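Read the structure below first, then the notes.
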Amino acid sequence: MTVIPYSCQQIDESDIAAVVAVLRSEYLTQGPEVPAFEAAFAERHEVGHAVAVGSATTALHLACLALGVGPGSRVWTSPNSFLASANAPLACGAEVDFVDIERDTRNLSVATLAAKLEAAAAAGALPQVVIPVDFAGLPCDWRELRALADRFGFALLQDASHATGATYQGRPVGAAWADATVFSFHAVKVVTTAEGGLVTTRDPALAAELRLLRSHGMTRDALRAPAEGPWVYEQHRLGFNGRMTELQAALGRSQLRRLASMHARRLELAERYDEQLAALPLRRPARRGDRVSSWHLYAIEIERAAGVPSRAEVFAAMRRADIGVNVHYIPIPSQPFWRERGHRAGACPQAEAYYAGALSLPLHPSLTDAEQGQVVDALERALCAAPSLRAA
Ligand SMILES: *Cc1c(COP(=O)(O)O)cnc(C)c1O
């Protein structure tokens, strides 16, 4: 029996043809595919500008720099995220802190953020940038976050690495609320380019800055000195090589054409999980009437109650049954690296409580109904292994 993975790329013949066509073409990098992918992504997300880069980690790093994050800046993010959300601002020299999550959505809590902002305002220590994360693909409360950003004067950098295809109040994420939004196209994500990332923004100046930063800070436009000739380029910033290749962009554009159908399958699978897990001792992912998750992850929280096996026991039983469950996420401030930088256990109790029971079940567009049935059966068996439930 092969393992049913928690996530898995879906590659079809049209994806393969798109990549092979690039291999046979003139450009492997810096050709027409990256701008075509950016244009398609921007149109799909109803936003003016899209800048493709080599990974979401690079996207977060360059977006932080473009938003002015540097030594002395304060940046806050969610503890319930992948490491990169916190590493990117730290790499820019910022002081990084965490805002605890809301237990049911597992997203950064607006109420906790508001209280922390009031305290920071009184202490003269407001953040310059806040990086909320649309966990598992469920958008945060973006209208409320925007109101706080406007009131306290910080920029909103949205980590929508999970949320390609999600909508908030009827509009795609990345369109309307954040100052910049980051997407990931890593192989386990909703749309893949193998490795890849992208930033969307409404601000043309921010987009221009991102394009500069992803290519060594160099430009052939808006030269500062009179050009000696057509070969002249100028360096205006400390930049990097953060570029996406033509192969990746062609794959991304091909995948984007299937986003709606892949998303529809994820929705269907999530709804079946909701129905079939309703009677089990676990918390299912929250839903909100004004937003649609991309359903990157189907993350449950095993109840901690008498007679219910621990998450570790359920995890082991599922893996023994060849179900590739996973855990998202160990709270970032619990990592040795962050502990060594003064972050302590207990600072984000909601993220820690969620983590203690967290388990991500397989969810991807190629998952069959029969495989989903095996996941549900294995979970029922794992949860009913405790004597008290077996007797009930
Ligand atoms: C995957 C992920 C990233 C990093 O994405 P890469 O493209 O692998 O660099 C950042 N933030 C979150 C929330 C992620 O899930």
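In each ligand, atom 1 is the first atom listed, and ligand 1 is the first ligand listed. What you see is a predicted model, and the numbers here were worked out from it, not measured in a lab.
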Counting heavy atoms under 4.0 Å, the part of Tyr329 that contacts ligand 1 is side chain
For Gly196, counting its heavy atoms only, list the atoms of ligand 1 lying under 4.0 Å from any of them.
7 (O)
Sub-4.0 Å heavy-atom contact, Gly197 with ligand 1
no
Protein residue, atom and distance nearest to atom 10 (C) of ligand 1, heavy-atom basis:
Ser161 OG, 3.4 Å
Salt bridge between Arg258 and Asp15, side-chain N to carboxylate O under 4.0 Å?
yes
Looking only at protein heavy atoms, identify the closest one to atom 15 (O) of ligand 1 and say how far it is in Å.
His162 NE2, 2.7 Å
Give the C-alpha distance, both sets of side-chain angles, the deciding distance and a yes or no for salt bridge (charged side-chain N to carboxylate O under 4.0 Å, His left out) between Arg284 and Glu301.
CA-CA 7 Å; Arg284 289 166 291 154; Glu301 183 187 334; over 6 Å; no
Would you please indicate yes or no on a ring centroid separation below 6.0 angstrom for Phe135 and Phe82?
no
Which atoms from ligand 1 have a heavy atom of Ser184 less than 4.0 Å away?
1 (C), 5 (O), 6 (P), 7 (O)
Do Glu246 and Thr29 have a side chain donor and acceptor closer than 3.5 Å?
no
Which protein non-hydrogen atom lies closest to atom 8 (O) of ligand 1, naming both residue and atom, and how far is it?
His186 CB, 3.8 Å
Identify, by atom number and element, the atoms of ligand 1 in contact range of Ser55, meaning under 4.0 Å from any of its heavy atoms.
7 (O), 9 (O)
Give, for atom OG1 of Thr193 and atom CG of Leu256, the distance between the pair rounded to the nearest 0.5 Å.
11.0 Å
Parallel, tilted or perpendicular, judged at 30° and 60°: which one describes the rings of Phe37 and Phe41?
perpendicular
I want to confirm something. Looking only at heavy atoms, which of Ala59, Ser78, Ala56, Gly54 is nearest to atom 5 (O) of ligand 1?
Ala56
Using a 3.5 Å cut-off on N or O atoms only, is Lys189 in polar contact with ligand 1?
yes
Thr112 side chain to Asp100 side chain, donor-acceptor N/O pair below 3.5 angstrom
no
Just need the protein heavy atom nearest to atom 9 (O) of ligand 1, so name the residue and atom and give the distance.
Thr57 OG1, 2.5 Å
May I ask you to decide if Val188's main-chain N or O and Ser7's side chain share a donor-acceptor pair within less than 3.5 Å?
yes
Between Ser78 and Asn80, is any side-chain donor less than 3.5 angstrom from a side-chain acceptor?
no
Taking non-hydrogen atoms only, is Ser81 closer than 4.0 angstrom to ligand 1 via side chain, backbone, both or neither?
side chain
For atom 11 (N) of ligand 1, what is the nearest protein heavy atom, given as residue, atom name and distance?
Asp159 OD2, 2.8 Å
